[in-house]
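Here the structure comes first, spelled out in C-alpha cells, and everything after it is commentary.
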Amino acid sequence: MSTHSTLDIVVNDILRVVTPVQEDWEIRFAIINDLRSIVESVESLRGATVEPFGSFVSNLFTRWGDLDISIELSNGLHISSAGKKQKQTFLGDVLKALRMKGGGSNLQFISNARVPILKFKSYRQGVSCDISINNLPGQMKSKILLWINKIDGRFRHMVLLVKEWAKAHKINNSKAGTFNSYSLSLLVIFYFQTCIPAIFPPLKDIYPGNMVDDLIGVRSDAENLIAQTCDANINRFISNRARSINRKSVAELFVEFIGKVEDPFEQPQNTARSVSAGQLKKITEAFARTHDLLTSTNQNQISLLSNMAPAHVIRCITRPYGGGYFHPTQPQVQRAIRPQLQSQRHFQNVSQGTSSNSSSSKGHTLVHRGQQIWRPKS
C-alpha cells in the first residue's frame, strides 16, 4: 500500500469522526435559543440580539467544537458600539442571569481580557460557550471563511484536519501560548494561497481594504456591501478558466502544509499574538515530527493516526479491544455528510430571533437578516 493511500485512509477516517452530524447542529441552535431567553430577561439588554459567530458559522467546527456567541446591543438600524467598561457591565448582568436561571456550569468571567468574555458550559452535552458583546467583526470574519469554502471544499477538510493535528500535539491552546482555532484556519488559508498551483487568491482580491473599518453606519447596508463584494469576487475567481487547478488530495495537501500567521481581514492585527516565544520550539518540533513521519517509509495507519489525532478521536476509530485499526461504519459516514446543508437555513432564524417555519427549504441557502448572501454549489 502506498504512503499516500495509507494517509488517505487515515485522513478520511479522522474526518468522518470529527465532522458534525445533525444532532451537533441542533444542540448548538438549542443553546443559542436558551441564551436568547436568558438575555431577554435582562433589563439592561432589552432589544439586544443573540448571534453566533466563529467556527459554527464558518462551518469549520468539529463535533466537540466550542460555540462563540455575540450579544449585539440595540441601536436601531445602526451598528452599535460599546466601550470595554460597558461590555464588562453587560456581561456581568448576563452572568447574574445565568446563575439565577441555571443556564450552565463552570461559569468564568474574564473581564480584563482585551475582549471581555463570559465562558460557561451548557448543560446540553457540555458544549463550551464563549459570550462577548458587539462582536460584529467576528461575525463577518466567520462568514467570509464560510464563503471562501465555495472556492474549494478541501479548505474545510484541511481546517478540521489541522485542528485535530494541533490538538494531538497540544499546540491548540492560546492560554498556554500556542495557537487558537482562528489562527490555525488562517494558516490553512495562507497555505492555499501559496501552494502550487494556488487554490485561493490573495484575500485582498476577495475583499479589498480593511473589512473592520467598513462596518459603520446602517448595519444591513454595511453587511450587504461586504457580502456582495465578496460574492462577486469569489464568483469571478471561480469562473476564471485561465487559472491552473490544483487537484491534490487532502492528504497530499496536508503533507505540504506549512504555516505563517497573519489576519488578512484586520491589518495589522496579529491573531497569533498569544503564541509565546517559549512555545515556538514546541510548535516547531510538532511540525518537524509530523513531517518526518509523513516522509518516512516506516509508517502505518496506527502511527499516522497517533500523530494526527487526539486520544478521543483515536478511540472512536480504533477497536475498543486490542487497539486494532478499523474504519468507521457506513451509517456514521452517511450521518456526517448532510447536516451542514440541512442546517444553514437556521442562520436566518438565529439572526432574526424567530422560530423556523420553512421546513420545505432545501437548506442550500445561507440567509442573514433576510438577505441571501451565498448559495453553495449543489
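Between Glu285 and Lys282, none of the side-chain N atoms (NZ, or NE/NH1/NH2) sits under 4.0 Å from a carboxylate O, so this pair counts as no salt bridge. Salt bridge absent: Arg36 and Glu40 never bring a charged side-chain N and a carboxylate O closer than 4.0 Å. The residues Asp292 and Arg289 are annotated as not salt-bridged, no charged nitrogen and carboxylate oxygen being separated by less than 4.0 angstrom.
Counted within 6.0 Å of NZ on Lys121, heavy atoms from surrounding residues, nucleotides or ligands total 12 or fewer; the atom is thus considered open. Atom CZ of Arg46 sits in a sparse spot, with 12 or fewer heavy atoms from other residues, nucleotides or ligands closer than 6.0 Å. By the 6.0 Å contact criterion, CD1 on Ile196 is open, its count of non-hydrogen atoms from other residues, nucleotides or ligands being 12 or less. Within a 6.0 Å radius of CG in Asn240, other residues, nucleotides and ligands contribute more than 12 heavy atoms. By the neighbour-count criterion of 12 heavy atoms within 6.0 Å, atom NZ of Lys96 is sparsely surrounded, having that number or fewer from other residues, nucleotides or ligands. At most 12 heavy atoms of other shown residues, nucleotides or ligands fall within 6.0 angstrom of atom CZ in Arg99. Atom NE2 of His291 has 12 or fewer heavy atoms from other residues, nucleotides or ligands within 6.0 Å.
Residue Tyr123 is not grouped with residue Ile69 when hydrophobic side chains (ILVMFWY) are merged at heavy-atom distances under 4.5 angstrom, including chains of intermediate members. In this structure, Ile171 is a member of the same hydrophobic cluster as Leu187, with clusters built from ILVMFWY side-chain heavy atoms closer than 4.5 Å. Cluster annotation: Ile71 is connected to Phe29 through the hydrophobic network of ILVMFWY side chains, with a link wherever side-chain heavy atoms come within less than 4.5 Å. Using a 4.5 Å cut-off between side-chain heavy atoms of Ile, Leu, Val, Met, Phe, Trp and Tyr, with links allowed through other members, Ile148 and Phe53 fall into different hydrophobic clusters. Met140 and Leu225 sit in two unconnected hydrophobic clusters of ILVMFWY residues. Membership requires side-chain heavy atoms under 4.5 Å apart, directly or through other members.
If you take CG on Leu161 and CG on Leu253, they are separated by 10.0 Å, rounding to the nearest 0.5 Å. In this structure, the separation between CZ on Phe190 and OG on Ser183 is 14.0 Å, given to the nearest 0.5 Å. The OG atom of Ser132 sits 10.5 Å away from the NZ atom of Lys119 when rounded to the nearest 0.5 Å. Leu95 CG to Ile131 CD1: the interatomic distance, rounded to the nearest 0.5 Å, is 9.0 Å. Interatomic distance, CZ of Phe61 versus CZ of Arg156, reported as 7.5 Å (0.5 Å rounding). We find the CD-NZ distance between Glu256 and Lys248 to be 3.0 Å, quoted to the nearest 0.5 Å.
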With a cut-off of 3.5 Å and sequence neighbours excluded, list every side-chain donor-acceptor pair involving residues 100-112.
none

> For Leu67 and Ile32, what are the C-alpha separation, side-chain angles and deciding distance, and is it a side chain to side chain contact (heavy atoms under 4.5 Å, CB included)?
Replying inline: CA-CA 9 Å; Leu67 179 60; Ile32 293 167; 4.0 Å; yes

> Does the side chain to side chain contact (heavy atoms under 4.5 Å, CB included) test come out yes or no for Asn300 and Leu304, once each step is laid out?
Replying inline: CA-CA 6 Å; Asn300 54 46; Leu304 288 170; over 6 Å; no

> Could you walk me through whether Gln125 and Glu23 pass the side chain to side chain donor-acceptor pair (under 3.5 Å) check?
Replying inline: CA-CA 11 Å; Gln125 293 198 358; Glu23 180 185 10; 3.0 Å; yes

> What do the steps show when you test Glu252 against Ser249 for side chain to side chain contact (heavy atoms under 4.5 Å, CB included), and what is the final call?
Replying inline: CA-CA 5 Å; Glu252 290 171 318; Ser249 69; 3.3 Å; yes

>> Using side chain to side chain donor-acceptor pair (under 3.5 Å), reason through Tyr207 and Asp214 one step at a time and then give a plain yes or no.
In response: CA-CA 11 Å; Tyr207 191 80; Asp214 295 336; 2.6 Å; yes

>> Is there a side chain to side chain donor-acceptor pair (under 3.5 Å) between Arg236 and Asn233? Walk through the geometry before answering.
In response: CA-CA 5 Å; Arg236 184 178 299 111; Asn233 289 331; 2.4 Å; yes

> Do Phe155 and Ile199 pass the side chain to side chain contact (heavy atoms under 4.5 Å, CB included) test, and can you show the C-alpha distance, the side-chain angles, and the key distance before you say yes or no?
Replying inline: CA-CA 9 Å; Phe155 171 62; Ile199 300 173; over 6 Å; no

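Contact detail for Phe257 and Met158: the closest heavy-atom pair is CD1-CE, 3.9 Å. Annotation for Ile133 and Ser70: closest pair C-OG, 4.2 Å, computed over non-hydrogen atoms. The heavy-atom pair separating Val255 from Leu7 by the smallest distance is CG2-CD2, 3.4 Å. Residues Ser74 and Gly47 come closest through the heavy atom pair CB-O, 3.5 Å. Contact detail for Ser41 and Ala97: the closest heavy-atom pair is OG-CB, 4.4 Å. In plain terms, the two heavy atoms of Arg63 and Arg28 that are nearest each other are O-NH2, 3.3 Å.
Here the side chains of Arg219 and Leu136 are in contact, with some heavy-atom distance below 4.5 Å. Side-chain atoms of Cys129 and Leu35, non-hydrogen and from C-beta on, never get closer than 4.5 Å to each other. Under the 4.5 Å side-chain criterion, counting only non-hydrogen atoms from C-beta, Ser181 is not in contact with Ser55. Proximity of Phe90 to Leu73: side-chain heavy atoms (C-beta onward) are separated by under 4.5 Å at one or more points. Here the side chains of Leu145 and Ile189 are in contact, with some heavy-atom distance below 4.5 Å. Between Phe254 and Leu294, some side-chain heavy-atom pair lies under the 4.5 Å cut-off. Side-chain contact between Glu164 and Leu15: absent, with no pair of heavy atoms (C-beta onward) separated by less than 4.5 Å. Here the side chains of Ile151 and Pro201 are in contact, with some heavy-atom distance below 4.5 Å.
Judged by distance alone, the side chain of Asn307 and the main-chain N or O of Ser303 form no donor-acceptor pair under 3.5 Å. Under a 3.5 Å cut-off, the side chain of Lys87 and the backbone N or O of Ile117 do not form any donor-acceptor pair. Judged by distance alone, with hydrogens and angles left aside, the side-chain atoms of Gln299 form a donor-acceptor pair with the main-chain N or O of Ser296 at under 3.5 Å. Within the 3.5 Å criterion, the main-chain N or O of Arg124 finds a donor-acceptor partner in the side chain of Ser122. For Asn172 (side chain) and Phe179 (main-chain N/O), no donor-acceptor pair under 3.5 Å exists by modelled atom type. Side-chain atoms of Asn12 come within 3.5 Å of backbone N or O of Asp8 as a donor-acceptor pair. A donor-acceptor pair under 3.5 Å is formed between the side chain of Glu72 and the backbone N or O of Asn135. In this structure, Lys163 contributes its side chain and Leu60 its backbone to a donor-acceptor pair below 3.5 Å.
A distance below 6.0 Å separates the ring centres of Trp165 and Phe287. If you look at Phe200 and Tyr191, their ring centroids are not closer than 6.0 Å.
A donor-acceptor contact closer than 3.5 angstrom is absent between the side chains of Asn173 and Lys167. A donor atom on one side chain and an acceptor atom on the other are found under 3.5 Å apart for Asp93 and Ser44.
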